[in-house]
Amino acid sequence: MAVDSQLSSPLAPPASQMDAKLRFIEDITKNTASVQERVLAEILTRNAHTEYLNRFQLNGATHRDTFKSKVPVVTYEDLQPDIERVVNGDRSPIFSSHPISELLTSSGTSSGKSKLIPTIEEDMERRLLIFSLQMPIVNLYVPGLDKGKGLYFLFVHAETKTPGGLVARPVLTSCYKSDLYKTRPYDPFNDYTSPMEAILCADSFQSMYTQMLCGLLMRRQVLRVGAIFASTLLRVIRFLQLNWKQLSHDISTGTLNPKITDSSLRECIISKYLTGPNPELAQFVSNECSTEDWEGIVTRIWPNTKYLDVIVSGAMGQYIPMLEFYSRSLPMVSTAYASSECSFGVNLSPMCKPTEIAYTILPNMAYFEFLPYDTSFSPILSPPRLVDLADVEIGKKYELVITTYAGLYRYRVGDVLQVTGFHNMAPQFRFVKRKNAMLCIDVDNTDEAELQQAVENASVLLRRFETSVVEYTSYAYTKTIPGHYVIYWELHVKDAANSPPEEILNQCCLTIEESLNSVYIQSRVSFNSVGPLEIRVVKNGTFEELMDYAISRGASINQYKTPRCVTFAPILQLLDRRVISVHFSPSKPHWTPE
């Protein structure tokens with residue numbers, strides 16, 4: 001169904017006024033159902049002889065109904081045994097007729113391990129297609145972006161080799177290191193201040209330092225500032241707070257910080273960017289950064305910035321107030337929706353309010369199905385019927401299910417989306433949440449079951465003091481950079497004279513951290529995107545008071561359950577008023593790339 005309001009949007013002028021990329025979007029969104037049928041037929045035809053599809057006796061069938069009747073809906077855990085075979089070197093066509101080129105690391109599973117998503121070489125072309133569509137769309141709303149540069153903080157992370165010899169790394173690292181990305185033609189709409197040598201430096205300090213230095217040197221040319229996630233951009237601002245003196249020194253003297261030891265990066269910066277002393281710019285940076293008032297620091301240093309390019313949908317929405325503070329409420333643009341498994345779609349109204357962000361699913365990216373999402377629904381009594389892309393209904397929530405060219409079939413991504421409208425015949429979705437995710441600071445996701453187990457592990461340390469955890473809840477604290485998890489504990493202490501000492505409660509913090517998934521631990525140790533976990537011990541009776549408060553607001557005493565994660569300000573204030581001691585992890589949890 002088409003929506004009349006879209007006819008007046010900038011995407012609707014005659015074809016002669018649109019470039020090829022915008023015409024492409026119009027064409028595929030006008031034919032959503034037929035494009036989806038073609039995509040499914042292509043995937044099933046090319047992969048007809050794979051081991052996975054042969055298990056379900058498709059026998060080369062490509063019809064949608066046959067596919068749905070024979071191939072089950074699965075989760076990552078269902079596929080793990082086959083993925084482990086790929087990890088260990090099995091090169092037979094298990095999932096795809098095309099060779100698996102690498103494994104993309106994604107968010108953690110219920111077992112606490114990082115996902116390993118098989119991918120094929122041509123998938124990179126689809127990811128870069130989404131990338132290539134973003135700026136033509138934004139330029140419709142913000143003209144002149146080809147007249148300046150983008151200050152984007154982009155990073156690669158550690159990669160490992162599987163026992164079978166395949167590279168395993170995050171999807172963005174794969175993208176930035178790909179030949180397609182590194183050799184892409186010059187595009188004035190995607191002209192960045194950061195050189196590839198800085199982006200590809202695996203040392204996070206050296207990479208961030210030199211990207212910031214280049215951004216300062218070209219401050220007048222910067223038209224947009226961004227990072228992938230809102231949390232990352234806040235880390236960058238914090239980095240500037242901590243390192244502006246050395247950056248000013250480098251600019252003033254025309255020399256480079258000796259901590260930049262990567263030879264290719266050092267040579268690049270010295271030969272192409274630090275071409276001589278610039279005391280005037282150095283003094284400007286010092287004047288701006290030496291004050292305690294950092295409100296509007298982004299627009300003060302980069303005065304021509306038109307918007308922030310960051311993801312602020314889903315869990316990243318918690319960072320919007322801080323970004324508004326540092327940017328004097330510049331527009332925040334979330335351009336695309338993608339994951340390790342697949343690229344999904346683009347935001348056709350990029351200058352909308354963060355609360356109104358919706359992504360238009362591009363039907364050529366994969367075959368999409370949608371599982372109706374209703375927390376009160378019992379799938380045992382009546383399994384829900386999956387809905388096709390063209391048949392979703394406005395206002396309803398769905399869990400995303402995909403079938404990809406790389407060989408994921410009816411795979412539950414774990415994202416919950418809500419339909420907000422249509423562009424032509426293609427639905428637009430608001431990202432609601434990660435299914436089962438409860439706590440999130442950056443790329444980490446911690447669910448209720450995982451936190452419960454972590455608290456139980458930590459409470460073992462209290463037993464010799466005859467102390468137990470009566471109740472607990474949690475909160476993702478984002479008023480510091482980086483943010484961190486806060487756990488509120490109410491303790492029952494049998495003998496006050498034998499209560500747990502400070503060092504034991506600090507150790508409880510560390511035990512909880514070491515019980516969480518590898519993505520959280522890597523974020524803490526390697527990425528430094530999550531701060532030390534904090535336990536706030538509250539007075540006895542606090543959680544009874546919390547229940548009384550909930551009942552006073554209409555909750556049923558028979559059905560009341562202590563919320564394991566809280567965000568409502570009055571509840572947080574209630575808890576914080578009753579805090580009697582505060583404790584932090586004394587060290588980082590143990591983590592290695594393996």
Side-chain angles (χ1 to χ4, degrees), residues 1 28 31-83 85-86 92-98 100 109 115 117-120 123 126 339 341-342 344-345 361-393 396-417 419 422 425-427 429 435:
M1 60 181 287
I28 61 169
N31 302 286
T32 296
S34 60
V35 171
Q36 280 282 274
E37 287 184 16
R38 174 180 57 78
V39 166
L40 180 60
E42 287 178 355
I43 292 171
L44 296 181
T45 298
R46 67 151 61 174
N47 296 327
H49 301 296
T50 57
E51 179 183 329
Y52 188 85
L53 288 180
N54 282 337
R55 290 175 194 166
F56 306 109
Q57 300 179 344
L58 271 184
N59 299 321
T62 61
H63 193 273
R64 179 177 56 194
D65 292 341
T66 305
F67 171 68
K68 289 187 175 186
S69 67
K70 290 179 175 287
V71 179
V73 176
V74 296
T75 64
Y76 179 81
E77 286 77 11
D78 296 322
L79 302 180
Q80 269 190 291
D82 286 324
I83 291 175
R85 290 169 56 194
V86 176
S92 62
I94 301 172
F95 297 108
S96 172
S97 61
H98 288 216
I100 301 301
T109 67
K115 293 180 183 177
I117 307 298
T119 189
I120 57 179
D123 263 5
R126 275 179 278 274
S339 73
E341 292 89 348
C342 180
F344 305 120
I361 300 294
L362 300 184
N364 63 315
M365 290 290 106
Y367 178 65
F368 298 102
E369 297 176 84
F370 297 87
L371 182 65
Y373 183 77
D374 184 349
T375 54
S376 64
F377 188 81
S378 174
I380 297 175
L381 298 177
S382 177
R385 183 181 67 87
L386 271 69
V387 179
D388 284 325
L389 180 63
D391 298 328
V392 296
E393 299 179 42
K396 290 192 174 181
K397 295 178 182 178
Y398 301 90
E399 183 185 345
L400 181 60
V401 178
I402 59 173
T403 296
T404 69
Y405 286 90
L408 296 176
Y409 305 96
R410 311 198 80 191
Y411 173 89
R412 297 173 70 167
V413 175
D415 290 355
V416 177
L417 311 175
V419 186
F422 283 75
M425 302 296 287
F429 293 90
K435 189 171 181 287

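Values below: all heavy atoms of this structure, side chains included; hydrogens, waters and symmetry mates excluded.
Here the CD1 atom belonging to Ile100 is positioned 10.0 Å from the OG atom belonging to Ser92, to the nearest 0.5 angstrom. Within the model, atoms CE of Met425 and CG of Leu389 stand 10.5 Å from one another, a figure rounded to the nearest 0.5 Å. Here Ile361 contributes atom CD1 and Leu400 contributes atom CG; the two are 6.5 Å apart, rounded to the nearest 0.5 Å. For the atom pair CZ of Arg46 and NE2 of His98, the computed distance is 4.0 Å after rounding to the nearest 0.5 Å.
Contact of the Thr62 side chain with the Leu40 side chain is not registered, since no non-hydrogen atoms from C-beta on lie closer than 4.5 Å. Side-chain contact between Val73 and Tyr411 is absent, with no heavy-atom pair separated by less than 4.5 Å. No side-chain heavy atom of Phe368 sits under 4.5 Å from any side-chain heavy atom of Val401. Proximity of Thr404 to Ile43: side-chain heavy atoms (C-beta onward) are nowhere separated by under 4.5 Å. With a 4.5 Å cut-off on side-chain heavy atoms, Tyr409 and Val71 count as touching. You'll find the side chain of Leu417 stays beyond 4.5 Å of the side chain of Lys397, heavy atoms only. Residues Glu399 and Asp415 are not in side-chain contact: their nearest non-hydrogen atoms beyond the backbone lie 4.5 Å or more apart. Between Leu408 and Phe95 the shortest side-chain heavy-atom distance does not fall below 4.5 Å.
Within the structure, side-chain hydrogen bond (donor to acceptor under 3.5 Å, both in side chains) contacts touching residues 31-40 (residues at least two apart or in different chains) are Arg38-Glu42. Pairs engaging residues 57-67 under the salt bridge (Lys or Arg N to Asp or Glu O under 4.0 Å) rule: Arg64-Asp388 [sequence neighbours left out].
Checked by atom type and distance alone, the side chain of Tyr405 never pairs as donor or acceptor with a backbone atom of Ser96 at under 3.5 Å.
Between Met365 and Cys342, the shortest heavy-atom contact is O-SG, 4.1 Å. The nearest pair of heavy atoms linking Val387 to Pro372 is CG2-CG, 4.4 Å. Contact record, Ala61 with Thr66: CB-CG2, 3.8 Å, taken as the closest heavy-atom pair. Residue Ala390 comes nearest to Ala33 through the heavy atom pair CB-CB, 4.3 Å, listed as atom of the first residue, atom of the second, then distance. Pro427 approaches Val392 most closely through the heavy-atom pair CB-CG2, 3.6 Å.
Qualifying side-chain contact (heavy atoms from CB on, under 4.5 Å) partners for Ser69, counting only residues two or more places apart in sequence or in other chains: none. For Arg410, the salt bridge (Lys or Arg N to Asp or Glu O under 4.0 Å) partners two or more places apart in sequence, or in a different chain, are Glu369. Looking at residues two or more places apart in sequence or on another chain, you find a side chain to side chain donor-acceptor pair (under 3.5 Å) between Arg126 and Glu122, Asp123. Every residue meeting the ring-ring contact (aromatic ring centres under 6.0 Å, His included) condition with Phe344, not counting sequence neighbours, appears here in chain and number order: Tyr337. Annotation: ring-ring contact (aromatic ring centres under 6.0 Å, His included) contacts of Tyr367 (sequence neighbours excluded): none. With sequence neighbours excluded, no residue forms a side chain to side chain donor-acceptor pair (under 3.5 Å) with Asp391.
Relative orientation of the Phe429 and Phe370 rings is parallel, given thresholds of 30° and 60° on the angle between their planes.
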Ignoring hydrogens and angles, write down the donor-acceptor pairs under 3.5 Å from the side chains of residues 48-58, residues two or more places apart or on other chains.
unit_1	atom_1	unit_2	atom_2	d
Thr50	OG1	Asn47	O	2.8
Glu51	OE1	Arg85	NH1	3.4
Glu51	OE1	Arg85	NH2	2.9
Glu51	OE2	Arg55	NH2	2.9
Glu51	OE2	Arg85	NH1	2.8
Asn54	ND2	His49	O	3.4
Asn54	ND2	Thr50	O	3.2
Arg55	NH1	Asp82	OD2	2.7
Arg55	NH2	Asp82	OD1	2.8
Arg55	NH2	Asp82	OD2	3.1

Could you walk me through whether Val416 and Tyr373 satisfy the side-chain contact (heavy atoms from CB on, under 4.5 Å) test, starting with their C-alpha distance in whole Å, then the side-chain angles of each, then the deciding distance to 0.1 Å, before giving a yes or no? CA-CA 7 Å; Val416 177; Tyr373 183 77; 3.7 Å; yes
